[in-house]
Structure formats: structure tokens, C-alpha cells
Amino acid sequence: MILHKELLDVSKRKAKPAENELAFGRFFMDHMLLMDYTPEVQAWHNARIVPYAPFAMSPASLVLHYGQEVFEGMKAYRRKDHKIGLFRPQDNISRLNDSCRRLCIPELPADDVFEALCELIRIDQDWIPKGDGTSLYIRPTVIASEASLGVKVSSSYTFFVIAGPVGAYYAEGVNPIKIWVEETYVRAAEGGLGEAKTMANYAASMLATKRAKERGFTQVLWLDARDRRYVEEVGTMNMFFKIAGEVITAPLDGTILPGVTRRSVIQLCKDMQIPVSERRISIDEVIEAQQNGTLEEAFGTGTAAVISPVGELFYRDHAYRVGNGQTGEISKKMYDELTGIQTGARPDPHHWTITL
Ligand SMILES: *Cc1c(COP(=O)(O)O)cnc(C)c1O
């Protein structure tokens, strides 16, 4: 692959934000990666690294009207050995292509994307923050760029990668969050887009999330669309419960996002000989466990937040405390183990990290 580079003069590069002021996703490094797909070429081409800047697009671009888009979220870390670490990046690239297939977007050349992405991070590596809990958040995205108000599969696309330094995802940091169990609205139904990482799922979630926030909750716990009974996921995270010693997460049945962090936590549980199941779990089972004292922990998993312990669930006018309301033992263990592997502070027996 040919990768063109147009780099900013060093004197024109932006000042970096202070590491204690890193809100999530508000700062962007100096360069971005772009690639095109056009009907003339019928393939991804013109890979280039250019200065971060707004790009011009037609107001009739299909993505703006019908949401033909997919994205990813991944992180680069400044490791203890000063190398740059990426966590399971191939998993993100292959999931991006899974999402592409669902949204009728031509698949990307995985190896070329990986190489170009590594080059982008190398170029702007001074942007990777060093403090505990900080990282460089990377957002690969594909948008449908054909100008047409007729509903159709686009014939042209833009792939771009932007990235920037981030600190903790939630204001609570790794402290427990309060969650609203949603019964009115749903995020995804069987046969829908739930397992694709695409903007429409987030559009579907906005109103319920806004209302939950107004009531003092950080996130929404989604229930299945058919029965409003089975637990699916939380906002931007997959969801885990620990009940009477068993760690439980919903199965990948098409309505939830197959999280890389989810997959990693399941593997770490197995490694640590903690009983772990991927099975349907109803909200009734969770509430019953809370009432008989066996709901030991609940936590969300995702690249952005890593592990987010849940201290309280609010369901049908009642608040239910999870465990003792504090960060649970497994949540803490998983957070320490995952971030340890990501930063090179702990052994990486599954070779999940790639260093640059
Ligand atoms: C990205 C995402 C997740 C988390 O996936 P990771 O690969 O662990 O970051 C969970 N749920 C939804 C809806 C997501 O978009």
C-alpha cells in the first residue's frame, strides 16, 4: 500500500492539554488518516496522513440522511517500558469489517488499515499521555459520502481515523455508577443493528439516556426489545453480574455489541478459575438475587471506561444497592489486570498487546 504523508510543520503543531484536564474525546492530535472508496476505482485507495482539519462534504451526503456509517473505539497506551502499546487492535479492525458488512459498506483492507494506523500513532506519539488511567483514544470511522437524497447504498465512502488523549470516561472515575433500568425505550431488536458498531444505535439511545441523566443516573441498562425482561447492555458497555459466585453476561445473540473488553474479561475469569457464563439473565433474576443477598457485583466493560462498577440499579420505582454499593472484588481485579496488561505492568499470556 502507498501511504501519502503531508505533515504539519513542527512549529504549527498544537499545544497539548494538561493531563489532569483530559475530558473524554475533546482533544485531537495533529494528524488524521484518510482513505477513499469511489465508484471509479471500486476499491479502497489514496491512503494518506494529513493535518487534522474539518473536511468538506456535500450536505446531501448519504451518511447525513440515512446513517450509513460504522465506527470503532480503541486505545494506545504509553507503556511502562516507554513503548507504545495497542490492545487487541486486530479485533477492532475485524469488527469494523463485520459492521461494514451489516451496513453494506465495502470492507477495508485489514492489514493496510493496521499499518497506516500504526504509522499515524507513531507520527503523533507525543500525544499519548503518560499518567495512570490515561491513554490515546482512537476512532476509526467510515461514512457514506455519495450525494443523494434517494435512499440507497452509497457508491462512495470516506474512511478516517482521528485520535486524542483521554482520562477517565465517567466523572465518577472507577467509582461505582448509578444505573437506570429502562422499560419504555429499547436500543436494538433481534434482526436489527445491535451487533454492529454504528451511529444509529446511539441515536436510538439518546432520549432514554437523557431522561436517566435528568433523574441523576449515569447510564441506562437496556432490556431486550421483545419482553423487556432480559438484560442486554449498558450505554457504551457490555454488562456483567456476579451472583452467588457466578459471573454472568448476556450471550451474543445479535442484539448486543461483541465487546473486545467483554471477551477479554471472560477469558481472564477463566484464567483465574472464576465461574463465568454467557447466558440470558432476566432483570427478575438480578432483583431476586439482590433481595436474597447474592447479587455480589455488577460492572460494565468497554474500551472507553475499561471496567465501570455499578453501585445501584433503579428499577420500577425502587433503588437496589449492588453488593455493598462499593467497587466489588472482581471489578477491581479485572480493572487492575486489564490495565496492567495494556500498560505492560503485568504479563500478557494471551499476547493481546502489540508494541510499536
Ligand atoms: C463499543 C461498544 C461496547 C464496548 O466494546 P469494546 O470493544 O469493549 O470497547 C459495548 N457496547 C456498545 C453499544 C458499544 O458501542
Side-chain angles (χ1 to χ4, degrees), residues 24-25 67 69-77 85-100 102-103 117 135-142 161 163 166 168-170 177 179 182 185-190 192-206 208-209 212 218-225 230-241 249-269 276 278 298-310 331 334-335 337-339 341-342 350 352-354:
F24 187 87
E69 183 257 17
V70 295
F71 68 97
E72 268 304 321
M74 53 204 285
K75 281 178 170 175
Y77 306 84
L86 290 168
F87 186 71
R88 311 188 77 171
Q90 319 288 6
D91 289 26
N92 292 95
I93 296 171
S94 78
R95 186 174 64 192
L96 184 63
N97 275 335
D98 294 341
S99 300
C100 280
R102 180 65 181 82
L103 274 289
L117 193 144
S135 55
L136 184 80
Y137 184 78
I138 306 162
R139 171 55 59 86
T141 310
V142 188
V161 182
V166 298
Y169 186 68
Y170 295 117
I177 58 171
I179 298 249
E182 179 61 47
Y185 302 105
V186 295
R187 188 191 88 98
E190 274 171 56
L193 294 172
E195 67 186 339
K197 213 165 169 77
T198 182
M199 49 164 65
N201 289 322
Y202 284 91
S205 75
M206 298 253 164
T209 309
T218 308
Q219 278 288 344
V220 165
L221 174 62
W222 300 106
L223 301 177
D224 77 286
Y230 295 98
V231 169
E232 301 229 307
E233 55 180 317
V234 172
T236 61
M237 302 184 295
N238 293 114
M239 191 66 203
F240 286 76
F241 296 93
T249 192
L252 300 178
D253 61 3
T255 59
I256 69 171
L257 205 281
V260 177
T261 320
R262 173 189 180 279
R263 187 180 310 155
S264 306
V265 164
I266 292 169
Q267 184 63 51
L268 290 177
C269 283
V276 56
E278 293 175 67
F299 58 93
T301 67
T303 297
V306 191
I307 300 289
S308 191
V310 174
S331 310
M334 290 298 151
Y335 180 85
E337 191 63 27
L338 274 173
T339 53
I341 293 170
Q342 288 160 344
H350 299 287
W352 284 337
T353 48
I354 286 175

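Everything numeric in this text was worked out from a predicted model, so none of it was measured. Just so you know, ligand 1 is whichever comes first in the structure, and atom 1 is the first atom listed for that ligand.
Counting atoms of ligand 1 from 1 in the listed order, those under 4.0 Å from a heavy atom of Y202 are 12 (C), 13 (C), 14 (C), 15 (O). Within ligand 1, counting atoms from 1 as listed, the ones closer than 4.0 Å to a heavy atom of R95 are 5 (O), 6 (P), 7 (O). Of all atoms in ligand 1, numbered sequentially from 1 with element shown, those under 4.0 Å from a heavy atom of G235 are 13 (C). Which parts of ligand 1 touch G302 is read off a 4.0 Å heavy-atom cut-off, strictly below it: atoms 4 (C), 8 (O), 9 (O).
For ligand 1, none of its N or O atoms has an N or O atom of R262 under 3.5 Å away. Residue N238 has no nitrogen or oxygen atom sitting less than 3.5 Å from a nitrogen or oxygen atom of ligand 1, judged on distance alone. For T301, no nitrogen or oxygen atom sits less than 3.5 Å from a nitrogen or oxygen atom of ligand 1, counting backbone and side chain alike.
Using a 4.0 Å cut-off between heavy atoms, V260 contacts ligand 1 through both its backbone and its side chain. No part of N92 comes within 4.0 Å of ligand 1, judged by heavy-atom distances. At a heavy-atom cutoff of 4.0 Å, ligand 1 is contacted by the side chain of E233 but not by its backbone. Contacts between R187 and ligand 1, counted as non-hydrogen atom pairs separated by less than 4.0 Å, involve the side chain only.
Of the listed residues (T198, T303, V265, T261), the one carrying the non-hydrogen atom nearest atom 9 (O) of ligand 1 is T303.
Checked by atom type and distance alone, the side chain of R187 pairs as donor or acceptor with a backbone atom of G194 at under 3.5 Å. When atom types are taken as modelled, the side chain of D224 and the backbone of Y230 share a donor-acceptor pair closer than 3.5 angstrom. A side-chain donor-acceptor contact under 3.5 Å links R95 to the backbone of P258. Side-chain atoms of Q219 do not come within 3.5 Å of backbone N or O of V234 as any donor-acceptor pair. T249 places a side-chain N or O within donor-acceptor distance of the main-chain N or O of M239, the cut-off being under 3.5 Å. Panel note: side chain K75, backbone T303; a donor-acceptor pair is recorded below 3.5 Å. Within the 3.5 Å criterion, the main-chain N or O of L257 finds a donor-acceptor partner in the side chain of N238.
At the top of the distance list for atom 14 (C) of ligand 1, counting protein heavy atoms only, stands K197 NZ, 3.0 Å. With respect to atom 5 (O) of ligand 1, the closest heavy atom belonging to the protein is G259 CA, 3.4 Å. Closest protein heavy atom to atom 4 (C) of ligand 1: T236 O, 3.7 Å.
By the 4.0 Å heavy-atom criterion, P258 is excluded from the residues contacting ligand 1.
Checked against the 6.0 Å centroid criterion, the rings of Y137 and F24 qualify as a close aromatic pair.
Side chains of R102 and T198: a donor-acceptor N/O pair is absent below 3.5 angstrom, by distance only.
The residues R262 and E278 are annotated as salt-bridged, a charged nitrogen and a carboxylate oxygen being separated by less than 4.0 angstrom.
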